[in-house]
Amino acid sequence: MRPALPSPLQTVADPRFARRGVRLLLKRDDLIHPDLPGNKWRKLELNLRAATATGPRPLLTFGGAYSNHLRATAAAGRLLGLATIGVVRGDELADRPLNPVLARCAADGMRLHFLTRSAYRRKAEPEVREALRARFGDCYVIPEGGSNALAATGCRALGRELRAALDPADGPHVVGVACGTGGTLAGLAAGLADHPPTDPTTDPTTGLTVAPPVEQTTDQPADRATERADERAAGSGPRPRAIGFPVLRGDFLAAEILALQTEAFGARVGDWELDGRFHCGGYARTTPELDAFAADFADRHGLALDRVYVAKLLYGLTSLVEAGAIAGGSTVTAVITGPAPAP
């Protein structure tokens, strides 16, 4: 369970950014752990602590047929010796051969339980939860995508790492991340608002980090301009700005991120926004333009991009830079949250 932290920060020479005077960095969170890459490790870490704090309990969580979260939870259960139950959207899948993601979950010991799509939509309602409890007993429940207050708190370490690594002299900083359920952006923005942390310690048995407390800054929208001016006057430059790129259609995510931050940190934290123009039709959907972009990026930089999350993130950031929406002299950091697509 020992992660490789902090994850590498790589400079990428991309002419589409360079001709606009913008520097591109990749935060390679996909290299943290072979089985729990990127935001999956960060979102699960504190939940795993909570699940084992009062004695081991099975982990029960939710996801679609191609959910990286299900795969990571199954792997975490195997590594920690915890039973895992994956509640999968779509009971029609129960009689079909398992796809590679669900087959990997099963190989890691996860018990798969398929719900009808209508029941899955009601998975947070008491009667559905009670039926799951009656079937599987007392479990530690992790929401779909792993996003809860503990996950947001865990992802704050990502923002702290970047805040400590980015040089204010490199111009305004923009940090981009793909968003499914919003937990990563909620924590990332909070960490970017923190003062640089002291080094965390690591539990030698589990590899789970024990981060020291940091001074936290909460934002109210009306205060941001004043805070930025104060930072510039102090010579530190403005704090990094986070942009989330939703991979699902709909305008629901901002409210969910705000709710996560309020539960985890007590208020909206950090300078963050969403740009919902690059979902390419919705979750796990693609377009010829996105496919061409991902193939071109792999040819240029030798990095294969998964089409569900990372390709949409980099497609969005590149489009903003080429449109002049990100000013020259800026440094753009793309958080690579997930594994490369399967061959």
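Just so you know, these numbers use all the heavy atoms, side chains as well, and skip hydrogens, waters and symmetry mates. Residue numbers run from 1 in the order of the sequence given.
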Student: Enumerate the ring-ring contact (aromatic ring centres under 6.0 Å, His included) contacts for residues 71-107, please, sequence neighbours excluded, ordered by first and then second residue.
Tutor: none
Student: Would a distance-only check, ignoring hydrogens and angles, find a side-chain to backbone donor-acceptor pair under 3.5 Å from Lys123 to Val128?
Tutor: no
Student: Each residue besides Leu258 in its hydrophobic cluster should be listed here, by chain and number; the cluster joins Ile, Leu, Val, Met, Phe, Trp and Tyr at side-chain heavy-atom distances under 4.5 Å.
Tutor: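 Its cluster mates, by chain and number: none.
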Student: List the atom of Asn68, the atom of Lys40, and the distance in Å for their closest heavy-atom pair.
Tutor: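 Taking Asn68 first and Lys40 second, the nearest heavy atoms are CB-CE, 3.8 Å.
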Student: Can you confirm whether the side chains of Thr337 and Asp29 place a donor and an acceptor under 3.5 Å from each other?
Tutor: no
Student: With heavy-atom distances below 4.5 Å as the criterion, would you say the side chains of Ile257 and Leu253 are in contact?
Tutor: yes
Student: Any chance you could measure Glu289, atom CD, to Cys280, atom SG, to the nearest 0.5 Å?
Tutor: 8.0 Å
Student: Any Lys/Arg nitrogen of Arg20 or Glu322 sitting under 4.0 Å from an Asp/Glu carboxylate oxygen of the other?
Tutor: no
Student: I'd like to know whether Trp272 forms a side-chain contact (heavy atoms from CB on, under 4.5 Å) with Ile243, so could you lay out the CA-CA distance, the side-chain angles of the two residues, the decisive distance to 0.1 Å, and finally the verdict.
Tutor: CA-CA 6 Å; Trp272 60 268; Ile243 304 178; over 6 Å; no
Student: Which residues satisfy the side chain to side chain contact (heavy atoms under 4.5 Å, CB included) test with Pro58, sequence neighbours excluded?
Tutor: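 Side chain to side chain contact (heavy atoms under 4.5 Å, CB included) list for Pro58, sorted by chain: Ala83, Ile85, Cys139.
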Student: I'd like to know if the side chain of His173 and the backbone of Asp167 have a donor-acceptor N/O pair within less than 3.5 Å.
Tutor: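 Side chain of His173 to backbone of Asp167: a pair is present.
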Student: Of all heavy-atom pairs between Ser147 and Lys43, which one has the smallest distance, and what is that distance?
Tutor: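 The pair with the smallest heavy-atom distance is OG-NZ, 3.1 Å.
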Student: List for me each residue that meets side chain to side chain donor-acceptor pair (under 3.5 Å) alongside Tyr315, sequence neighbours excluded, and say none if there are none.
Tutor: none
Student: Would a hydrophobic clustering, with Ile, Leu, Val, Met, Phe, Trp and Tyr connected at side-chain separations under 4.5 Å, put Leu44 with Trp41?
Tutor: yes
Student: Give me the one residue out of Val87, Thr73, Ile142 that meets side-chain contact (heavy atoms from CB on, under 4.5 Å) with Leu60.
Tutor: Val87
Student: Is the side chain of Thr287 donor-acceptor paired with the backbone N or O of Leu290 at a distance under 3.5 Å, no angle test?
Tutor: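 Checked: pair present.
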Student: Do Lys312 and Val310 come within less than 4.5 Å of each other through their side chains, counting heavy atoms only?
Tutor: no
Student: How long is the span from the CG atom in Leu150 to the CG atom in Leu46, to the nearest 0.5 Å?
Tutor: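 Here the rounded value is 5.5 Å.
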Student: Return yes when atom CG of Asp251 has more than 12 non-hydrogen atoms of other residues, nucleotides or ligands closer than 6.0 Å, and no otherwise.
Tutor: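 No, CG of Asp251 has 12 or fewer neighbouring heavy atoms, counting only those of other groups under 6.0 Å.
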Student: Would Asp138 and Arg57 count as a side-chain contact (heavy atoms from CB on, under 4.5 Å) if you check the C-alpha gap in whole Å, the side-chain angles of each, and the deciding distance to 0.1 Å?
Tutor: CA-CA 7 Å; Asp138 181 33; Arg57 281 187 287 167; 3.4 Å; yes
Student: Please tell me whether Phe245 and Leu303 are part of a single hydrophobic cluster in this structure, the criterion being side-chain heavy atoms less than 4.5 Å apart.
Tutor: yes
Student: How far does CZ of Arg156 sit from CZ of Phe265, to the nearest 0.5 angstrom?
Tutor: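 Arg156 atom CZ to Phe265 atom CZ measures 5.5 Å (nearest 0.5 Å).
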Student: Atom CG of Leu248 and atom OG1 of Thr181: how far apart are they, to the nearest 0.5 Å?
Tutor: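 With rounding to 0.5 Å, CG (Leu248) is 9.0 Å from OG1 (Thr181).
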Student: Would you call Asp194 and Arg163 a salt bridge, taking side-chain N to carboxylate O under 4.0 Å as the test?
Tutor: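 Salt bridge: no.
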Student: Find out whether the Lys NZ or Arg CZ of Arg89 is both under 6.0 angstrom from the six-membered ring centre of Tyr120 and within 45° of the ring's axis.
Tutor: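 Because its charged atom sits under 6.0 Å from the ring centre and within 45° of the axis, Arg89 does stack over Tyr120.
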Student: Between Glu161 and Leu5, is there a side-chain heavy-atom distance shorter than 4.5 Å?
Tutor: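 Result yes, sub-4.5 Å side-chain heavy-atom pair found.
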Student: Below 4.5 Å, heavy atoms only, C-beta onward: do Arg277 and Leu320 meet side chain to side chain?
Tutor: yes
Student: In terms of hydrophobic clustering (I, L, V, M, F, W, Y; side-chain heavy atoms under 4.5 Å; direct or indirect links), are Tyr140 and Leu112 co-clustered?
Tutor: no
Student: Which heavy atom of Ala193 sits nearest a heavy atom of Arg239, and at what distance?
Tutor: CB-NH1, 3.4 Å
Student: Would you find more than 12 non-hydrogen atoms of other residues, nucleotides or ligands less than 6.0 Å from Arg19 atom CZ?
Tutor: yes
Student: With hydrophobic residues grouped by side-chain heavy-atom distances under 4.5 Å, do Leu132 and Met110 end up in a single group?
Tutor: no
Student: Go through the structure and list residues passing ring-ring contact (aromatic ring centres under 6.0 Å, His included) with Tyr66, not counting sequence neighbours.
Tutor: none
Student: Identify, with sequence neighbours excluded, every residue that meets side chain to side chain contact (heavy atoms under 4.5 Å, CB included) alongside Leu93.
Tutor: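 Leu93: side chain to side chain contact (heavy atoms under 4.5 Å, CB included) contacts with Ala65, Val88, Arg96, Phe114.
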Student: Can you find a heavy atom in the side chain of Leu166 that is under 4.5 Å from one in the side chain of Leu9?
Tutor: yes
Student: State yes or no: do Phe293 and Ile326 share one hydrophobic cluster built from I, L, V, M, F, W and Y residues joined by side-chain heavy-atom distances below 4.5 Å, directly or via other members?
Tutor: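 Yes: a chain of side-chain contacts under 4.5 Å links Phe293 to Ile326.
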Student: Show your working on side-chain contact (heavy atoms from CB on, under 4.5 Å) between Leu80 and Leu48 and close with a plain yes or no.
Tutor: CA-CA 9 Å; Leu80 291 176; Leu48 295 173; 3.9 Å; yes
Student: Do side-chain atoms of His279 reach the backbone of Gly281 as a donor and acceptor pair under 3.5 angstrom?
Tutor: yes
Student: When you look at CZ of Arg285, are more than 12 heavy atoms from neighbouring residues, nucleotides or ligands closer to it than 6.0 Å?
Tutor: no
Student: If you define the side chain from C-beta out and look only at heavy atoms, does anything of Leu79 sit under 4.5 Å from Leu36?
Tutor: yes
Student: Assess the side chains of Asp170 and Thr331: does a donor N or O sit below 3.5 Å from an acceptor N or O?
Tutor: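 The answer is no; no qualifying pair exists.
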Student: Please report whether the ring centroid of His69 lies less than 6.0 Å from that of Phe62.
Tutor: no
Student: Within this structure, what is the CG-CD1 distance for the pair Asp30 and Ile336, rounded to the nearest 0.5 Å?
Tutor: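 Reported value, rounded in 0.5 Å steps: 6.5 Å.
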Student: Which heavy-atom pair separates Cys179 from Leu274 by the least distance, and what is that distance?
Tutor: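 So the two residues come closest at SG-CD2, 4.2 Å.
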Student: Taking Leu26's backbone N and O only, do any of them form a donor-acceptor pair with Gln10's side chain (distance below 3.5 Å, no angle check)?
Tutor: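 Such a contact is absent between Gln10 side chain and Leu26 backbone.
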Student: Can you name the one residue among Leu317, Leu24, Thr318 that meets side-chain contact (heavy atoms from CB on, under 4.5 Å) with Arg16?
Tutor: Thr318
Student: Rounded to the nearest 0.5 Å, what separation is found between the OG atom of Ser118 and the CZ atom of Arg122?
Tutor: 6.0 Å
Student: Looking at every non-hydrogen atom in both residues, tell me the closest pair between Ala294 and Leu305 and how far apart they are.
Tutor: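 Heavy atoms of Ala294 and Leu305 come nearest at CA-CD1, 4.2 Å.
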Student: Could you walk me through whether Thr84 and Arg111 satisfy the side-chain contact (heavy atoms from CB on, under 4.5 Å) test, starting with their C-alpha distance in whole Å, then the side-chain angles of each, then the deciding distance to 0.1 Å, before giving a yes or no?
Tutor: CA-CA 6 Å; Thr84 55; Arg111 182 177 177 182; over 6 Å; no
Student: Arg78 versus Asp35: any side-chain heavy-atom pair under 4.5 Å?
Tutor: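 Arg78 vs Asp35: side chains touch.
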Student: Which heavy atom of Asp306 sits nearest a heavy atom of Tyr309, and at what distance?
Tutor: OD2-N, 2.9 Å
Student: Taking the side chain as every heavy atom from C-beta outward, state whether Ile32 and Arg42 have any atom pair closer than 4.5 Å.
Tutor: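 Touching, per the 4.5 Å side-chain cut-off.
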